[in-house]
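Everything below concerns the one structure shown next.
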Amino acid sequence: MAVKIKLKRLGKIRSPHYRIVVADSRTRRDGRAIEEIGKYHPTYNPSVIEVDAERVAYWLGVGAQPTEPVLAILKKTGDWQKFKGEPAPAPLLVAEPKKARPSFEALGGDDEGKGEAITQKKKADKKDEAAAESSSSEPTEA
């Protein structure tokens, strides 16, 4: 039985998530797997790659063959170079934690009211204006 290390697709239509699995080469892409050994989320920025290095080394040692996409992932994580005895690649990018936004008080904001509103008040409705004009234009008899 030929064993492959391949990607198992999960997720919605336009947001794929993959699991790196060890499976029989005759099974379908999303079929039953022998073992899950990692995750790959390509849509995140930077992409998320989590691989169990010990299990990858074991499966490569017993003869499992990685598919081309998995081979590219293993080369980025350095597991393939470790298996072949080559020098390790440069470290992967890690997402920086989001910086907290400064608070209102830190920006020098006051809690006191400033008084009046800055925006101008709207003019009276047209109906009110027309009524005011008609009443003022009528002549008064004495």
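As the structure is a prediction and not an experimental result, all values here were calculated from the model. We number each residue from 1, following the sequence as shown. Side chains are part of it too, since the values below use all heavy atoms of this structure and drop only hydrogens, waters and symmetry mates.
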**Q.** Close side-chain approach of I37 and V51, heavy atoms under 4.5 Å
**A.** no

Q: Specify the closest pair of heavy atoms between A23 and A33, including all atoms of both residues, with the distance to one decimal.
A: CB-CA, 4.1 Å

Q. In Å and rounded to the nearest 0.5 Å, what is the NZ to OG1 distance from K82 to T77?
A. 8.5 Å

Q) Could you state the interatomic distance from CG (D30) to OH (Y18), rounded to the nearest 0.5 Å? A) 9.0 Å

Q. Any side-chain heavy atom of P16 within less than 4.5 Å of one from T43?
A. yes

Q) Hey, mind stepping through W80 and E86 against side-chain hydrogen bond (donor to acceptor under 3.5 Å, both in side chains) and telling me if it holds? A) CA-CA 8 Å; W80 184 253; E86 299 172 357; 5.5 Å; no

Q: Report yes if the side chains of L60 and P66 come closer than 4.5 Å at any heavy-atom pair, otherwise no.
A: yes

Q: Would you sort out whether V22 and V3 count as a side-chain contact (heavy atoms from CB on, under 4.5 Å), showing the intermediate values?
A: CA-CA 7 Å; V22 178; V3 177; 3.3 Å; yes

Q. Under a single-linkage definition using a 4.5 Å side-chain heavy-atom cutoff for Ile, Leu, Val, Met, Phe, Trp and Tyr, are L74 and F83 assigned to the same hydrophobic cluster?
A. yes

Q. After noting the C-alpha distance and the side-chain angles of R55 and E35, does the key distance pass the side-chain contact (heavy atoms from CB on, under 4.5 Å) rule?
A. CA-CA 9 Å; R55 298 308 296 164; E35 183 180 358; 2.9 Å; yes

Q: First locate atom OG1 of T67, then atom CZ of R29, and finally report the distance between them rounded to the nearest 0.5 Å.
A: 12.0 Å

Q) Do Y40 and V70 touch side chain to side chain, with heavy atoms closer than 4.5 Å? A) no

**Q.** Verdict with supporting geometry, W59 and Q65, side-chain contact (heavy atoms from CB on, under 4.5 Å)
**A.** CA-CA 8 Å; W59 283 108; Q65 296 296 313; over 6 Å; no

**Q.** From E50 atom CD to R19 atom CZ, the distance as rounded to the nearest 0.5 Å
**A.** 10.0 Å

When the side chains of residues 4-14 are checked against the rest of the protein, which donor-acceptor pairs come out under 3.5 Å, sequence neighbours left out?
unit_1	atom_1	unit_2	atom_2	d
K6	NZ	T27	O	3.0
K6	NZ	T27	OG1	3.3
R9	NH2	I13	O	3.2

Q. Got a sec, which residues hit side-chain hydrogen bond (donor to acceptor under 3.5 Å, both in side chains) with S15, two or more places apart in sequence or on another chain?
A. none

(Q) Please tell me whether Y58 and I20 are part of a single hydrophobic cluster in this structure, the criterion being side-chain heavy atoms less than 4.5 Å apart. (A) yes

